[in-house]
Asks: 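Supplied in structure tokens, the structure appears directly below.
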Amino acid sequence: MLVVGGRLDLSGVARLRERLLHVSHSPGSRLVLDLSGVTSCDALGLGLLVAAARGARHSGGDLCLVAPRPAVTQALKASGLSRILPAFPGFDGRSGAGTLREGRFCWSGAV
């Protein structure tokens, strides 16, 4: 799980992109992003989330967004990305466990 904080905009996207490059995960694993500390998200931030999801899916894995604040949830919904980047209200921290929502299950995998 990668905990993300601050703003996902021009000032914060480069820092998160760098962190994502250094996250080691095995093929087929799920990358979990805890967005509880993200205060805002613009088009650049959404683009980075889409790129991260594509990268994870390319390696046979997936991206899971956890605990977004209302501003991030609104950005995902307004852009239509909430359909392809589901966000979950929480994560209990146990290996193999997460929060069920909209018929999907999110877990940490080998992040």
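Side chains are part of it too, since the values below use all heavy atoms of this structure and drop only hydrogens, waters and symmetry mates.
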Asks: Out of curiosity, Arg83 CZ to Lys77 NZ, how far, rounded to the nearest 0.5 Å?
Replies: 13.0 Å
Asks: Under a 4.5 Å side-chain heavy-atom rule over Ile, Leu, Val, Met, Phe, Trp and Tyr, are Val3 and Val38 clustered together?
Replies: no
Asks: In terms of hydrophobic clustering (I, L, V, M, F, W, Y; side-chain heavy atoms under 4.5 Å; direct or indirect links), are Leu10 and Val13 co-clustered?
Replies: yes
Asks: Given the rule in the side-chain contact (heavy atoms from CB on, under 4.5 Å) test, do Leu8 and Val72 qualify, once you have shown the distances and angles that lead to the verdict?
Replies: CA-CA 9 Å; Leu8 286 182; Val72 176; 6.0 Å; no
Asks: Give me the atom names and distance for the closest heavy-atom approach of Pro68 to Thr73.
Replies: CG-OG1, 3.4 Å
Asks: State the CG-CZ distance between Leu49 and Arg54, to the nearest 0.5 angstrom.
Replies: 12.0 Å
Asks: Give, for atom CG of Asp62 and atom OG of Ser29, the distance between the pair rounded to the nearest 0.5 Å.
Replies: 10.0 Å
Asks: Which atom names give the shortest non-hydrogen contact between Cys41 and Ala75, and what distance separates them?
Replies: O-CB, 3.7 Å
Asks: First locate atom CG of Leu46, then atom CG of Asp9, and finally report the distance between them rounded to the nearest 0.5 Å.
Replies: 11.0 Å
Asks: Check this for me: Arg15, atom CZ, are more than 12 non-hydrogen atoms of other residues, nucleotides or ligands nearer than 6.0 Å?
Replies: no
Asks: Please name the pair of heavy atoms, one in Leu48 and one in Arg17, separated by the smallest distance, quoted to 0.1 Å.
Replies: CD2-N, 3.7 Å
Asks: Looking at Arg69 and Ser36, would you say the former's side chain and the latter's main chain have a donor-acceptor pair under 3.5 Å?
Replies: yes
Asks: Taking the side chain as everything from C-beta on, heavy atoms only, tell me whether Leu85 gets closer than 4.5 Å to Leu76.
Replies: yes
Asks: Within the structure provided, determine whether Leu2 and Leu20 are in side-chain contact (heavy-atom separation under 4.5 Å).
Replies: yes
Asks: Quick one: closest heavy-atom pair of Val4 and Arg19, and the distance?
Replies: CA-NH1, 4.2 Å
